[in-house]
Colleague: 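Take this structure, written in structure tokens, and hold onto it; I'll ask about it next.
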Amino acid sequence: MPRSEARVATDRSARYAKQLAAHMGRKIKADWSEETGRGTLVFGAGTATLEAAPDALLLAVEGETENLPGLEDVVGRHLVRFGARDELVVEWRRDNGEAGHVHRNEEEPAEG
């Protein structure tokens with residue numbers, strides 16, 4: 001199955017993974033284990049895995065080639081929104097060597 005991965009630098013990886021799983025779990029099957037530091041998100045178009053490392057959140061999505069962009073988008077977009085304060089960047093890399101989506105907080109700072 002085609003796969004895309006991202007390594008998101010953060011020292012709060014478990015917190016973000018748990019938040020992402022809880023949020024996505026309102027609409028899809030999602031789980032997170034504090035013990036293992038791993039979780040999964042099950043979409044109709046594929047799956048995502050979350051793994052908390054000490055200095056990064058490791059993400060992977062798997063699905064048919066035509067579904068990878070959408071899976072990257074939904075996981076990356078939500079994570080960047082949750083991590084806006086920490087300016088998280090999600091840069092996907094597909095297993096065929098192609099670059100995937102890049103997600104970063106694009107909000108302009110308020111003037112004042």
Colleague: Taking side chain to side chain contact (heavy atoms under 4.5 Å, CB included) as the definition, give me every residue that meets it alongside Ala56, ordered by chain and number, with sequence neighbours left out.
Modeller: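 Ala56 satisfies side chain to side chain contact (heavy atoms under 4.5 Å, CB included) with Arg7, Leu58 only.
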
Colleague: Less than 4.5 Å apart, side chain to side chain, heavy atoms only: is that true for Val74 and Met24?
Modeller: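 Of all side-chain heavy-atom pairs linking Met24 with Val74, at least one is under 4.5 Å.
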
Colleague: Going by salt bridge (Lys or Arg N to Asp or Glu O under 4.0 Å), name the residues that satisfy it together with Asp86, two or more places apart in sequence or in a different chain.
Modeller: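 Per chain and number, Asp86 pairs via salt bridge (Lys or Arg N to Asp or Glu O under 4.0 Å) with Arg12.
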
Colleague: Does anything in residues 46-80 form a ring-ring contact (aromatic ring centres under 6.0 Å, His included)? List the pairs, not counting sequence neighbours.
Modeller: His23-His78

Colleague: What are the two closest heavy atoms between Leu50 and Ala21, and how far apart are they?
Modeller: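 Closest approach of Leu50 to Ala21: CD1-CB, 4.3 Å.
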
Colleague: Would you indicate whether the side-chain heavy atoms of Val8 and Leu88 approach each other to under 4.5 Å?
Modeller: yes

Colleague: Please report the interatomic distance CG(Leu59) to CH2(Trp92), rounded to the nearest 0.5 Å.
Modeller: 4.5 Å

Colleague: Quick check on the hydrophobic clustering: are Phe82 and Leu71 connected, directly or via other members, by side-chain heavy-atom contacts under 4.5 Å?
Modeller: yes

Colleague: Measure the NE2-CG distance between His101 and Leu68 for me, rounded to the nearest 0.5 Å.
Modeller: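 So the NE2 of His101 and the CG of Leu68 are separated by 9.5 Å.
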
Colleague: Taking salt bridge (Lys or Arg N to Asp or Glu O under 4.0 Å) as the test, write out the residues that go with Arg93, two or more places apart.
Modeller: none

Colleague: Do Leu79 and Val102 belong to the same hydrophobic cluster, where Ile, Leu, Val, Met, Phe, Trp and Tyr are linked whenever their side-chain heavy atoms lie under 4.5 Å apart, directly or via other members?
Modeller: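 They do not share one cluster, since no chain of ILVMFWY contacts under 4.5 Å joins Leu79 to Val102.
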
Colleague: Ignoring hydrogens, what is the shortest heavy-atom contact between Trp32 and Ala52? Give both atom names and the distance.
Modeller: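 Taking Trp32 first and Ala52 second, the nearest heavy atoms are CH2-CB, 3.9 Å.
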
Colleague: Identify, with sequence neighbours excluded, every residue that meets side-chain hydrogen bond (donor to acceptor under 3.5 Å, both in side chains) alongside Thr65.
Modeller: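 Thr65 satisfies side-chain hydrogen bond (donor to acceptor under 3.5 Å, both in side chains) with no residue once adjacent residues are dropped.
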
Colleague: Measure the shortest side-chain to side-chain distance between Val89 and Val80 over non-hydrogen atoms and say whether it is less than 4.5 angstrom.
Modeller: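 Side chain of Val89 against side chain of Val80, heavy atoms only: no contact under 4.5 Å found.
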
Colleague: Is a side-chain donor or acceptor of Asp95 paired with a backbone partner of Arg3 at a separation under 3.5 angstrom?
Modeller: yes

Colleague: For Ser33, check side chain to side chain contact (heavy atoms under 4.5 Å, CB included) against everything at least two apart and list the hits.
Modeller: Glu35, Thr36

Colleague: Taking all non-hydrogen atoms of both residues, which atom of His103 and which atom of Gly76 are closest, and how far apart?
Modeller: CD2-CA, 3.6 Å

Colleague: To the nearest 0.5 angstrom, please state how far the CG atom of Leu20 sits from the CZ atom of Arg81.
Modeller: 10.0 Å

Colleague: Which pairs pass side-chain hydrogen bond (donor to acceptor under 3.5 Å, both in side chains) with one or both residues in residues 42-51, sequence neighbours excluded?
Modeller: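 Listed by first then second residue: Arg38-Glu51.
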
Colleague: Quick one: side-chain hydrogen bond (donor to acceptor under 3.5 Å, both in side chains) pairs with a partner in residues 67-76, sequence neighbours left out?
Modeller: Ser4-Glu72, Glu72-Arg94, Asp73-Arg77

Colleague: Can you list everything that forms a side chain to side chain contact (heavy atoms under 4.5 Å, CB included) with Ala48? Sequence neighbours excluded, please.
Modeller: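 With neighbours one apart ignored, the set is Leu41, Phe43, Val61, Val75.
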
Colleague: Tell me every residue that passes salt bridge (Lys or Arg N to Asp or Glu O under 4.0 Å) with Glu34, counting only those two or more places apart in sequence or in another chain.
Modeller: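 For Glu34, the residues satisfying salt bridge (Lys or Arg N to Asp or Glu O under 4.0 Å) (neighbours in sequence not counted) are Lys18.
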
Colleague: Which residues satisfy the salt bridge (Lys or Arg N to Asp or Glu O under 4.0 Å) test with Arg15, sequence neighbours excluded?
Modeller: none

